[in-house]
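Working notes for the structure below.
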Amino acid sequence: MIADPDRISRPGLWPSDPDEARALQERLAPEVRTEPLDAGAVRLAAGLDVSYAPDEDRLVAAAVVLSLPGLEVVEAATADAAPAFPYVPGLFAFRELPPLLEAIGRLSVEPDVFVCDGFGLAHPRRFGLACHLGWLLDRPTIGVGKSPFVGRSDEPGAERGARAPLVADDGAEVGCALRTRAGVRPVYVSVGHRADLEGAVDLVLRLTPRYRLPETVRAADHLSRERLKGLSAAEGRAVGP
DNA sequence: GCGACAG
DNA sequence: ATCTTGTCGC
């Protein structure tokens, strides 16, 4: 048990509305630490993702641990929940974190790093999902987004590995656009907690030997989707066609 | 004020 | 995030 799913509901850590949520992010942002992440030393990387039921009344989180360098599935866990917070850009950690923590809590192995589907420092208050999760777990986390959120960047070179800094409005470098496949649109990498951008980029490249998105994200996406189908099927049987 | 806005 | 068919390419 590497995560305490109840930690997020401790006093002061769970906001009752979007204003409180923003205030909490501003309060916790200074506690995010940047540390060197030695991607070459990573042996276990966990991928995290959440799938939503069509009417958004149920969500399924998945955590899949892959070995490096082979990218074999070592362990996987899921958890489902009702969304406990509305979707607001900049606040979706409050939607996805509860089931993610529960799924992570069901893992028996301890990953060296957690790869989040979303952002870390590339966030309006420098406290995206990856930062939040990393802070709660006190473990290294990075964020990989499929589309830009805050900041702007030049177009990275067309070859795999090419990158361009992602710069926020105030001039701070909050991440980078990274080409993981030649000629395919880039992903957006940012640091979560206890990691650095160089290490995060190196790790993402190790996780993308073939596809645009990290194998960790792909595995978690597939698992959460399958689990969601299973839930829907079970519900259908319970209610009757 | 207006638009844009991770999943 | 999710709803969706075919199509082009390695």
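Below, read A as the first sequence line, B as the second, and so on, with proteins coming before strands; counting in each chain starts at 1.
- Under the 4.5 Å side-chain criterion, counting only non-hydrogen atoms from C-beta, Arg194(A) is in contact with Asp138(A).
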Output the pairing pattern of DNA chain B as a dot-bracket string, 5' first, Watson-Crick or G-U wobble with both distances under 3.5 Å, | for cross-strand pairs, [ ] for crossing pairs. .......
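- For Ser190(A), the side-chain contact (heavy atoms from CB on, under 4.5 Å) criterion is met by Phe119(A), Ala122(A), not counting sequence neighbours.
- Atom CG of Asp57(A) is separated from atom P of dA1(C) by 18 Å (rounded to the nearest Å).
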Test Leu228(A) against Asp80(A) for side-chain contact (heavy atoms from CB on, under 4.5 Å), laying out the working first. CA-CA 8 Å; Leu228(A) 182 60; Asp80(A) 68 281; over 6 Å; no
Quick one: what's the B/S/- string for nucleotides 5-10 of chain C, heavy-atom cutoff under 4.0 Å, read 5' to 3'? ------
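- We find that CG of Leu228(A) is positioned 13 Å from P of dA1(C), with the value rounded to whole Å.
- Counting heavy atoms from C-beta on, the side chains of Pro186(A) and Arg179(A) come closer than 4.5 Å.
- Ring pair Phe127(A)/His132(A) is tilted by interplanar angle, where 30° to 60° counts as tilted.
- For Trp14(A), there are no side chain to side chain donor-acceptor pair (under 3.5 Å) partners two or more places apart in sequence or in a different chain.
- Sorted by first then second residue, the salt bridge (Lys or Arg N to Asp or Glu O under 4.0 Å) pairs that include residues 124-133 of chain A, not counting sequence neighbours, are Arg126(A)-Asp170(A).
- For Glu226(A), the side-chain contact (heavy atoms from CB on, under 4.5 Å) partners two or more places apart in sequence, or in a different chain, are Lys229(A).
- Base pairing in DNA chain C gives no stem of 3 or more Watson-Crick or G-U pairs under 3.5 Å.
- A heavy-atom distance below 4.5 Å is not found between the side chains of Asp6(A) and Arg10(A).
- Side-chain contact of Arg160(A) with Thr208(A): a donor-acceptor pair under 3.5 Å is present, judged by distance alone.
- Between Val60(A) and Pro99(A) there is no side-chain heavy-atom pair separated by less than 4.5 Å.
- For residues 65-76 of chain A, the pairs satisfying side-chain hydrogen bond (donor to acceptor under 3.5 Å, both in side chains) are Glu75(A)-Ser108(A), with sequence neighbours left out.
- Arg152(A) comes within 4.0 angstrom of no nucleic acid atom, judged by non-hydrogen atoms across all strands.
- At whole-Å resolution of the value, CD in Glu226(A) and C1' in dT2(C) are 15 Å apart.
- Checked options Val65(A), Leu100(A), Ile142(A), Thr141(A); the residue passing with Phe114(A) is Thr141(A) (criterion: side-chain contact (heavy atoms from CB on, under 4.5 Å)).
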B/S/- contact track for nucleotides 2-7 of chain B, protein heavy atom under 4.0 Å: ---BBB
Show me the donor-acceptor pairs within less than 3.5 Å that the side chains of residues 38-50 of chain A make with the rest of the protein, sequence neighbours left out.
from: Asp38(A); atom 1: OD1; to: Gly40(A); atom 2: N; distance (Å): 3.1
from: Arg43(A); atom 1: NH1; to: Gly40(A); atom 2: O; distance (Å): 3.3

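- Under the side chain to side chain donor-acceptor pair (under 3.5 Å) criterion, Glu110(A) pairs with Arg139(A), not counting sequence neighbours.
- Listed by residue number, there are no residues of residues 158-194 of chain A with a heavy-atom contact under 4.0 Å to DNA chain B.
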